[in-house]
Protein chains: 2
Amino acid sequence: MAKYRHEVLAVVLRAADGEQARLKVLVRRREHEPFAGELALPSGPVEVDESMEDAVTRHLASQLGLAGLAHREQLETYSDPERDPFERTIATAYLGLVPSDAELSLVSEAVWVDVTDLPEMAFDHHLVIESALKRLRGKFSYTNIAFALAPAEFTMASLRGIYEAALGHEVDVTNLLRVLQRRGQIERVGTLAGSGARGGRPPSTWKFTSNEYQVTDPFAALGPGRRTTV
Amino acid sequence: MAKYRHEVLAVVLRAADGEQARLKVLVRRREHEPFAGELALPSGPVEVDESMEDAVTRHLASQLGLAGLAHREQLETYSDPERDPFERTIATAYLGLVPSDAELSLVSEAVWVDVTDLPEMAFDHHLVIESALKRLRGKFSYTNIAFALAPAEFTMASLRGIYEAALGHEVDVTNLLRVLQRRGQIERVGTLAGSGARGGRPPSTWKFTSNEYQVTDPFAALGPGRRTTV
DNA sequence: CCAAAAGTGTTGTCTTTACACCCATGG
DNA sequence: CCATGGGTGTAAAGACAACACTTTTGG
């Protein structure tokens, strides 16, 4: 039938906390040619009787021992005939997000790489990651997608770190709080976290009101008025 | 190698002018099983040595005699194993836009169908069209994509019709003009069009400042301030 | 008491909608 | 001169960024 392979590619992201939160992407070192020994995104073929979504889940589990993405969505499909020098391969990329408090038991080949300092990568995987980051950045602005990177409960300071890591620029905590409150994305949890290392007022903890992906700020320009309830 | 087909699907849209502009999608009647005799989106296989973009262009030209899309972009890739009852097929959908003043010489099998009143369609093509419309609606709000549906020169009234057809709701001409002017999307052409059938002041004509797809109103929430030029 | 961090109040700017009003033309 | 549509002016509402100010902790 077809004379080429169709595979899925996964761009799995995670926010590693620390002084300044960093966004990490999950890659593994290739064992076989082409590009043996180089870093590449997890990938694998789609079987005749499975959807691409099932294939992504299956390959992530079998290759890296990863289960339980908080969010998964399809990205572009890459079809340049030259993208795989070994055999013609069409690849559909997926974005996967892992909460920062998830307990993972990955195989030893798995490597988390900082997205701000990507190494050389096999195939066009560099492009794929860039594209995934661009998509993620957009969604941070008008959806509640941060729930899929944030832990179940968090302080505004740590959430700020996640936003900064994902967006790639500074974010004002004050305004972040108010934007998310206005959109109904977050709510206060009663408890207080401990004070920081150098003292200071203890922060309250927050959680996302929903763990379902939602567009909370749909594009409105030229929209039918929101004032006059139709 | 693979045990299934990979094809491209095209959702080609056009604004048919008239009293009220209508958005039309290009379909054709299938000759072969499955779904012989039913309406379906133009589609076809991807060859080993061509990209999917080339395949879309090729199939549109050979099947329907269509050339010269003003805009083309990739949509989702559909991989449900059950979506083609005959043989397993993965399909990548593309959105194509045709300006309303384009001269077309389509083959007789081609049919333009109003998107607000879609007939029964083969496979999951109904879903594909819905998804394409959703994407188009979003882009009308924050990009200059209307240039690809509008004629080279137009009056604000006729552009309003295109916006209403694409967005599916009423649009205030006054505000449309100002939004597009502020974003630098349109500019006035000197000439005046003739008055309408029942008299009235003759409208001036306008054109898009660019015929390249551009994001003119990127999402800004939580963005790095636009005031302080970094 | 002071530094540090959290959280609140306030202000100014920009975008968008709604709608009143003026302008130019055909009949 | 009046109906018909084109076009401009303007006000009100909302969203956002910036930043000063208050609160609560550790040392």
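Residue numbers start from 1 in every chain, and the chains themselves are labelled A, B, ... in the order their sequence lines are given, proteins ahead of strands.
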- Query: Checking B:Glu187 side chain against B:Thr209 main chain: does a donor-acceptor pair fall under 3.5 Å?
  - Reply: no
- Task: Please report, rounded to the nearest Å, how far the P atom of C:dA18 is from the NE2 atom of B:His169.
- Result: 11 Å
- Task: Look at all strands and tell whether A:Arg160 reaches a base, only sugar-phosphate, or nothing, counting heavy atoms closer than 4.0 Å.
- Result: nothing
- Query: Heavy atom of residues 175-187 of chain B under 4.0 Å from DNA chain C: which residues?
  - Reply: B:Asn175, B:Arg178, B:Arg182, B:Arg183
- Could you check how far CZ of A:Arg201 sits from P of D:dT24, rounded to whole Å? 5 Å
- Item | Sidechain-backbone polar pair: A:Gln63 side chain, A:Ser43 backbone, donor-acceptor under 3.5 Å | yes
- Can you tell me how far C1' of C:dT16 sits from CG of B:Asp217, to the nearest Å? 11 Å
- Task: Without swapping roles, check the side chain of A:Arg14 against the backbone of A:Trp112 for a donor-acceptor pair under 3.5 Å.
- Result: no
- Query: Can you check the B:Leu159 CG to D:dG6 C1' distance for me, whole Å?
  - Reply: 15 Å
- Message: Any side-chain N or O of A:Ser204 below 4.0 angstrom from OP1/OP2 of C:dA6?
- Response: no
- Query: From B:Ile162 CD1 over to B:Leu167 CG, what is the distance, rounded to the nearest 0.5 angstrom?
  - Reply: 11.5 Å
- Message: Regarding C:dT8, can its base be found pairing with the side chain of A:Thr174 as donor and acceptor, where the two atoms are less than 3.5 Å apart?
- Response: yes
- Query: Parallel, tilted or perpendicular: which describes the rings of B:Phe154 and B:Phe208, with under 30° parallel and over 60° perpendicular?
  - Reply: tilted
- Item | Among D:dT8, C:dA24, C:dA18, the nucleotide that comes nearest once only the side chain of B:Asp172 is considered | C:dA18
- Task: Please list, chain by chain and in numerical order, all residues satisfying salt bridge (Lys or Arg N to Asp or Glu O under 4.0 Å) with B:Arg183, sequence neighbours excluded.
- Result: B:Asp217
- Task: Evaluate the ring planes of B:His71 and B:Tyr213, with Trp represented by its six-membered ring, and classify them as parallel (under 30°), tilted (30 to 60°) or perpendicular (over 60°).
- Result: tilted
- A:Arg188 atom CZ is separated from C:dT8 atom C1', nearest whole Å, by 11 Å
- Message: If I take atom CZ in residue B:Phe140 and atom P in nucleotide C:dT16, what distance separates them, rounded to the nearest angstrom?
- Response: 16 Å
- Rounded to the Å, how far apart are B:Tyr142 OH and C:dT16 P? 15 Å
